[in-house]
Chemist: 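Starting off with a structure, shown below.
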Amino acid sequence: MKRAAAATTALISPCAAMRRGAGIAATCSRRKSEMSQSQQKDGNKGAGKGEAFVTAITPQSEDFSRWYLDVVRRAELADYTMVKGCMVIRPYGYAIWERIQHLLDARLKATGHVNAYFPLFIPESLLMKEADHVAGFAPEVAWVTHGGSEKLEERLAIRPTSEVIIGTLYAKWLQSWRDLPILINQWANVVRWEKVTRPFLRTTEFLWQEGHTAHETEAEAEEETLKILQVYKEFVETELAMPVIEGRKSDSEKFAGASKTYSIEALMGDGRALQAGTSHNLGQNFAKAFDIKFQGRDKVEQHAWTTSWGVSTRLIGGLIMVHGDDSGLVLPPNIAPYQVVIVPIPRGNWQETVLPPAQAIRDQLTAQGVRVMLDARDAYTPGWKFAEWELRGVPIRLEIGPKDIEKGQVVLARRDTREKQFVPMADLLPQVSQWLLDIQAGLLEKARQLREERSHYTESYEEFKALMAGARPGLIYAPWCDDAVVEAQVKTETQATIRNYPFTAPSAEGKACFVTGRPALVMACFAKAY
RNA sequence: CGGGAUGUAGCGCAGCUUGGUAGCGCACCUGAAUGGGGUUCAGGGGGUCGCGAGUUCGAAUCUCGCCAUCCCGACCA
């Protein structure tokens, strides 16, 4: 009888999560009846079924975009504000960002970079110095025109990126080849006046890391650009468990003002690609525009070779879309704010009987460097907490109740596979450590497999069109003539863009371009992109 | 920036056609019993109906304008 009541409540939640829109009411009631059947079938063995535990989110299959927004809000990663296109990153979301900062910053330091902070405001005249750069960013710059009530002599741009201000300072600091390389990174916010925004994926203001380096030779700048791309790839795959494809951008997708742009690209759960990081070789373009010069070993004054590179809070969006499922977030242990959540099972005077052992376990795990949350709130039932922490993607749940204490064990449950296990207290630490490793590796592997399933190779534009028209288009590799006009045509006809020219791909040698039939110059990876 | 939809309590919605001073579910607060997959009962608090004008004795409801959000397209980490 308790069961029936529980089912009823579970059924109401999906409707509660629904948003505006006429079609939704019908959808909701349809799902209601489906759910009540499965719920009843599950009976008391619900724990083994591994589905529909969390019901407050729109299923991915029904509407991926809505699913994404539901997860962002229900998991309390971010919320909307009164400022158009600007979101709050809530504590749980910000904790993920802090993990990203922590893990990436260590890598940047290890490769010789140091952090600094440059101004938010950029004088208009500075921004105008590099022609391509201006053209690229002009449409999305926010301007400050007044200080208090007084109009400014010169407008100030709120940085959309910092190449120009940093370049100006580099010009001031650089004298000799002995000053090189300059390897500076900054963690900052930037503003781009976007027309369409989505939490994490594209917001008016966002947080990122931008590295800016200056080098003595072209080769060194290229080496730096590629080194960082590798750092990004290793970081994203190791810590976020997001497999990425590294490669060079086509000229039309290049950063405004760069000689060459490289990117890492990830495939999302809905078959669209997300640019997860970029690294630019700026050549001498900015050095010439901003007078970044030095006297060389040969006594001749010359322009430096510069690079810039960045990853942003967009990575969090990628994380959600790569690993998440219909129950919500699934976080890789390495970036999860909490790796283990302990849910005590309250019975009788549980505060005296169950809570102390739970606290002891928390302390024990914490001492081993595991990030633990003990959810001792009395107002919620265990079942409610299970669902809540699943929605928030915590990798491992640890249940401990009177029966477990009697038997000297706990219950562990994995978020990714939903596997549930009784573990003797003595084995707890090694088991948790092992599972954290398994989950981290498992998520990467699963994402890789999914990407392989959704990767195609074709030499036929007809097949290309058919694939791109599918529900989950994925990645398509194709031999390519490298012509921007044809690229634009493909985009118009199929919505697909070139993500990059992958470093590791079948050779285009001797192939014909899949659109024009002309000799292929390169292998391109196409996808519909975010 | 173009096309479409929506805006009523924290969230999801009803009320609008036919104007008469706002309601439901969840959430929240209090108390009790519960507690191993979103617990139950009882009591309670919360809304200048997105904003601004207009019509009217009277507007959530009718008219106009603006704003925001979501979806679909053109531009972008």
Side-chain angles (χ1 to χ4, degrees), chain A residues 1-25 28 39 42-56 63 65-66 69-70 73-74 79-85 136-137 139-140 160-161 190 192-198 200-204 206-210 253 255-256 261 263 274-278 309-315 317-318 327 343-348 350 354 378-391 397 399-404 411 413 418 420 422 491-492 495 497 529-530:
Chain A
M1 53 185 208
K2 185 128 266 171
R3 174 63 29 193
T8 307
T9 314
L11 299 179
I12 288 160
S13 327
C15 299
M18 291 301 176
R19 308 236 160 336
R20 316 151 184 120
I24 297 306
C28 192
Q39 281 275 345
D42 279 0
N44 287 325
K45 296 262 159 76
K49 279 299 170 202
E51 55 179 333
F53 290 159
V54 174
T55 51
D63 185 337
S65 177
R66 193 178 296 262
L69 294 167
D70 283 347
R73 299 220 298 178
R74 288 296 329 275
D79 203 352
Y80 294 100
T81 65
M82 4 3 237
V83 187
K84 177 185 164 72
F137 281 103
E140 41 183 358
T161 178
V190 285
R192 295 181 187 177
W193 215 256
E194 299 289 352
K195 288 160 183 166
V196 179
T197 61
R198 307 185 71 194
F200 294 112
L201 297 174
R202 174 161 291 107
T203 47
T204 301
F206 59 96
L207 305 184
W208 75 350
Q209 147 285 306
E210 51 177 325
E253 296 269 335
F255 175 74
T261 287
S263 73
L274 182 79
Q275 179 173 302
T278 48
W309 26 270
V311 300
S312 70
T313 34
R314 176 180 249 200
L315 284 176
S327 298
V343 178
I345 307 301
R347 279 286 169 79
W350 69 280
V354 182
D378 196 28
Y380 300 95
T381 60
W384 190 91
K385 291 176 183 175
F386 294 172
E388 185 67 12
W389 290 111
E390 246 159 50
L391 170 58
R397 179 180 72 241
E399 304 169 25
I400 177 164
K403 288 183 232 161
D404 302 312
V411 180
R418 295 227 145 89
K420 210 164 153 172
F422 295 96
K491 184 175 179 184
T492 309
Q495 292 175 13
T497 52
Y530 272 96

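Residue numbers start from 1 in every chain, and the chains themselves are labelled A, B, ... in the order their sequence lines are given, proteins ahead of strands.
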Chemist: RNA chain B: A:Tyr80 or A:Leu201, which has the more 5' nearest nucleotide?
Modeler: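 Result of the comparison: A:Tyr80.
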
Chemist: Once you round to the nearest 0.5 Å, how far does CZ of A:Arg192 lie from OG1 of A:Thr203?
Modeler: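 These two atoms lie 10.5 Å from each other.
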
Chemist: Expressed as a whole number of angstroms, how long is the span from A:Lys420:NZ to B:rG37:C1'?
Modeler: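 Atom NZ in A:Lys420 sits about 7 Å away from atom C1' in B:rG37.
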
Chemist: Base, sugar-phosphate, or nothing for A:Lys84, non-hydrogen atoms under 4.0 angstrom?
Modeler: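 Sugar-phosphate: the residue A:Lys84, judged by heavy atoms under 4.0 Å, touches backbone atoms but no base.
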
Chemist: Looking at every strand, decide which applies to A:Asp404 at a 4.0 Å heavy-atom threshold: base, sugar-phosphate, or nothing.
Modeler: base

Chemist: What contact category does A:Glu399 fall into here, base, sugar-phosphate, or nothing, at under 4.0 angstrom with non-hydrogen atoms?
Modeler: base

Chemist: Please report the distance, rounded to the nearest Å, between NZ in A:Lys195 and P in B:rG3.
Modeler: 15 Å

Chemist: Please enumerate all protein N or O atoms sitting under 3.5 Å from an N or O of nucleotides 28-31 of chain B, with distances to 0.1 Å.
Modeler:
unit_1	atom_1	unit_2	atom_2	d
B:rC28	OP1	A:Tyr380	OH	3.2

Chemist: Do A:Arg73 side-chain and B:rG10 base share a donor-acceptor contact under 3.5 Å?
Modeler: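 For A:Arg73, whose side chain was compared with the base of B:rG10, there is no donor-acceptor pair (under 3.5 Å).
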
Chemist: Quick one: which of B:rG35, B:rG38, B:rA77 gets closest to the side chain of A:Ala387?
Modeler: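 The listed nucleotide nearest to A:Ala387's side chain is B:rG38.
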
Chemist: At 4.0 Å (heavy atoms only), tell me whether A:Ser312 reaches a base, stays on the sugar-phosphate, or touches nothing.
Modeler: base

Chemist: What is the distance, rounded to the nearest whole Å, between atom CD1 of A:Ile345 and atom P of B:rG36?
Modeler: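 A:Ile345 atom CD1 is separated from B:rG36 atom P by 7 Å.
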
Chemist: Quick check: does any side chain N or O of A:Glu399 sit under 3.5 Å from a backbone N or O of A:Val343, one acting as donor and the other as acceptor?
Modeler: no

Chemist: With a non-hydrogen cut-off below 4.0 angstrom, is A:Phe255 in contact with a base, only sugar-phosphate, or nothing?
Modeler: nothing

Chemist: Is there a donor and acceptor pair, one atom on the side chain of A:Glu390 and one on the base of B:rG37, closer than 3.5 Å?
Modeler: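 Between B:rG37 and A:Glu390, which were checked side chain against base, a qualifying N/O pair under 3.5 Å is present.
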
Chemist: Of the nucleotides B:rG35, B:rC70, B:rU39, which one has an atom closest to the side chain of A:Asp378?
Modeler: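 Nearest to the side-chain atoms of A:Asp378, counting from C-beta on, is B:rG35.
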
Chemist: For A:Tyr530 and for A:Phe422, find the nucleotide of RNA chain B with the closest heavy atom, then tell me which residue's nucleotide is more 5'.
Modeler: A:Phe422

Chemist: Distance check needed: B:rC76 C1' versus A:Trp193 CH2, whole Å only.
Modeler: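 Answer to the nearest Å: 15 Å.
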
Chemist: Does A:Arg314 reach the main-chain N or O of A:Phe200 with its side chain, forming a donor-acceptor pair under 3.5 Å?
Modeler: no

Chemist: As an exercise, state the distance from NZ of A:Lys385 to CD1 of A:Ile345, rounded to the nearest 0.5 Å.
Modeler: 8.0 Å

Chemist: Name the nucleic acid region contacted by A:Gly310, choosing base, sugar-phosphate or nothing; use a 4.0 angstrom heavy-atom cut-off, strictly under.
Modeler: nothing

Chemist: What distance, rounded to whole Å, do you find between the two P atoms, one in B:rA74 and one in B:rG47?
Modeler: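 Approximately 45 Å lies between the P atom of B:rA74 and that of B:rG47.
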
Chemist: Using the P atom as the point on both nucleotides, what is the distance between B:rG52 and B:rC67, in whole Å?
Modeler: 15 Å

Chemist: Determine the interatomic distance between P on B:rG31 and the same-named atom on B:rA14; round to the nearest Å.
Modeler: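 Taking atom P in both B:rG31 and B:rA14, they lie 36 Å apart.
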
Chemist: Within this structure, what is the OG1-CD distance for the pair A:Thr161 and A:Glu210, rounded to the nearest 0.5 Å?
Modeler: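 Between A:Thr161 OG1 and A:Glu210 CD, I get 4.5 Å after rounding to 0.5 Å.
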
Chemist: Considering Watson-Crick and G-U wobble pairs with both distances under 3.5 Å, what does B:rG25 pair with?
Modeler: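 Looking at the geometry, B:rG25 pairs with B:rC11.
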
Chemist: How would you label the contact of A:Val190 with the nucleic acid (heavy atoms, under 4.0 Å): base, sugar-phosphate, or nothing?
Modeler: nothing

Chemist: Partners of A:Thr492 by side-chain contact (heavy atoms from CB on, under 4.5 Å), sequence neighbours excluded?
Modeler: none

Chemist: Is A:Val196 touching bases, backbone alone, or none of the nucleic acid, heavy atoms closer than 4.0 Å?
Modeler: base

Chemist: Taking the C1' atom in each of B:rG65 and B:rC57, what is the distance between them to the nearest angstrom?
Modeler: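 Between the two C1' atoms, the distance is 26 Å.
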
Chemist: Does OP1 or OP2 of B:rU39 have a side-chain N or O of A:Thr381 closer than 4.0 Å?
Modeler: yes

Chemist: Applying a 3.5 Å limit to both distances, which nucleotide forms a Watson-Crick or G-U wobble pair with B:rA74?
Modeler: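 Its partner is none (no Watson-Crick or G-U wobble pair with both distances under 3.5 Å).
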
Chemist: Distance under 6.0 Å and angle within 45° of the ring axis: does A:Arg397 meet both against A:Phe386?
Modeler: yes

Chemist: Quick one: look up who B:rA60 pairs with, Watson-Crick or G-U, both distances under 3.5 Å, and put none if it's unpaired.
Modeler: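 Base-paired to nothing in any strand shown.
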
Chemist: Could you let me know what B:rU39 is paired to, Watson-Crick or G-U wobble, both distances under 3.5 Å, or none if it's on its own?
Modeler: B:rA33

Chemist: Tell me the interatomic distance from A:Phe137, atom CZ, to B:rC76, atom C1', rounded to whole angstroms.
Modeler: 9 Å

Chemist: For B:rC71 versus B:rG35, give the span between their P atoms, rounded off to a whole number of Å.
Modeler: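 43 Å, rounded to whole Å.
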
Chemist: From NZ of A:Lys385 over to C1' of B:rG36, roughly how many Å is that when rounded to an integer?
Modeler: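 Spelled out: NZ on A:Lys385 to C1' on B:rG36 is 12 Å.
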
Chemist: Just verifying a value: how many Å separate A:Arg74 CZ and A:Ser327 OG, rounded to the nearest 0.5 Å?
Modeler: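 Output value for this atom pair is 11.5 Å.
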
Chemist: Fit a plane to each ring of A:Phe206 and A:Trp208, take the angle between them on a 0 to 90° scale, and name the class: parallel (under 30°), tilted (30 to 60°) or perpendicular (over 60°).
Modeler: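 If you compare the ring of A:Phe206 with that of A:Trp208, the planes turn out perpendicular.
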
Chemist: Sort out the partner of B:rC66 for me: Watson-Crick or G-U wobble, both distances under 3.5 Å, none otherwise.
Modeler: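 The base-pairing partner of B:rC66, which may sit in any strand shown, is B:rG50.
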
Chemist: Under 4.0 Å, heavy atoms only, any strand: does A:Pro346 hit a base, just the sugar-phosphate, or nothing?
Modeler: base

Chemist: With P as the reference atom in both, quote the distance from B:rA60 to B:rG12 in angstrom, rounded to an integer.
Modeler: 22 Å

Chemist: Under 4.0 Å between any heavy atoms, over every strand shown, what does A:Gly85 touch: base, sugar-phosphate, or nothing? Just pick one.
Modeler: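 Sugar-phosphate only.
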
Chemist: Atom CZ of A:Arg74 and atom C1' of B:rA27: how far apart are they, to the nearest Å?
Modeler: 10 Å

Chemist: Mind checking A:Thr492 for me? I need base, sugar-phosphate or nothing, with any heavy atom below 4.0 Å counting as a touch.
Modeler: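 Contact class for A:Thr492: none.
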
Chemist: Suppose you measure atom P in B:rA33 against the same atom in B:rG25; what distance do you get, rounded to whole Å?
Modeler: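 The answer is 26 Å between these two P atoms.
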
Chemist: Starting from P on B:rC76, measure out to CD on A:Gln495 and report it in whole angstrom.
Modeler: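 Value for this atom pair: 16 Å.
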
Chemist: Is there a side-chain contact between A:Lys491 and the phosphate of B:rC75, meaning an N or O under 4.0 Å from OP1 or OP2?
Modeler: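 Checking B:rC75 against A:Lys491, a side-chain N or O does come within under 4.0 Å of OP1 or OP2.
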
Chemist: Kindly compute the distance separating OG1 (A:Thr204) from NZ (A:Lys195), expressed to the nearest 0.5 Å.
Modeler: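 That separation rounds to 12.0 Å.
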
Chemist: Could you check whether A:Ser65 gets within reach of a base, just the sugar-phosphate, or nothing at all, counting any heavy atom under 4.0 Å?
Modeler: sugar-phosphate

Chemist: Taking the side chain of A:Val411 as its heavy atoms from C-beta onward, which of B:rG35, B:rA77, B:rG36 lies nearest to it?
Modeler: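 For A:Val411, the side-chain atoms sit closest to B:rG36.
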
Chemist: Expressed in whole Å, how much space separates the C1' atoms belonging to B:rU21 and B:rG15?
Modeler: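 Those two atoms are separated by 14 Å.
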
Chemist: Return yes if some donor-acceptor pair links the side-chain N/O of A:Thr261 with the main-chain N/O of A:Phe255 below 3.5 Å, else return no.
Modeler: yes

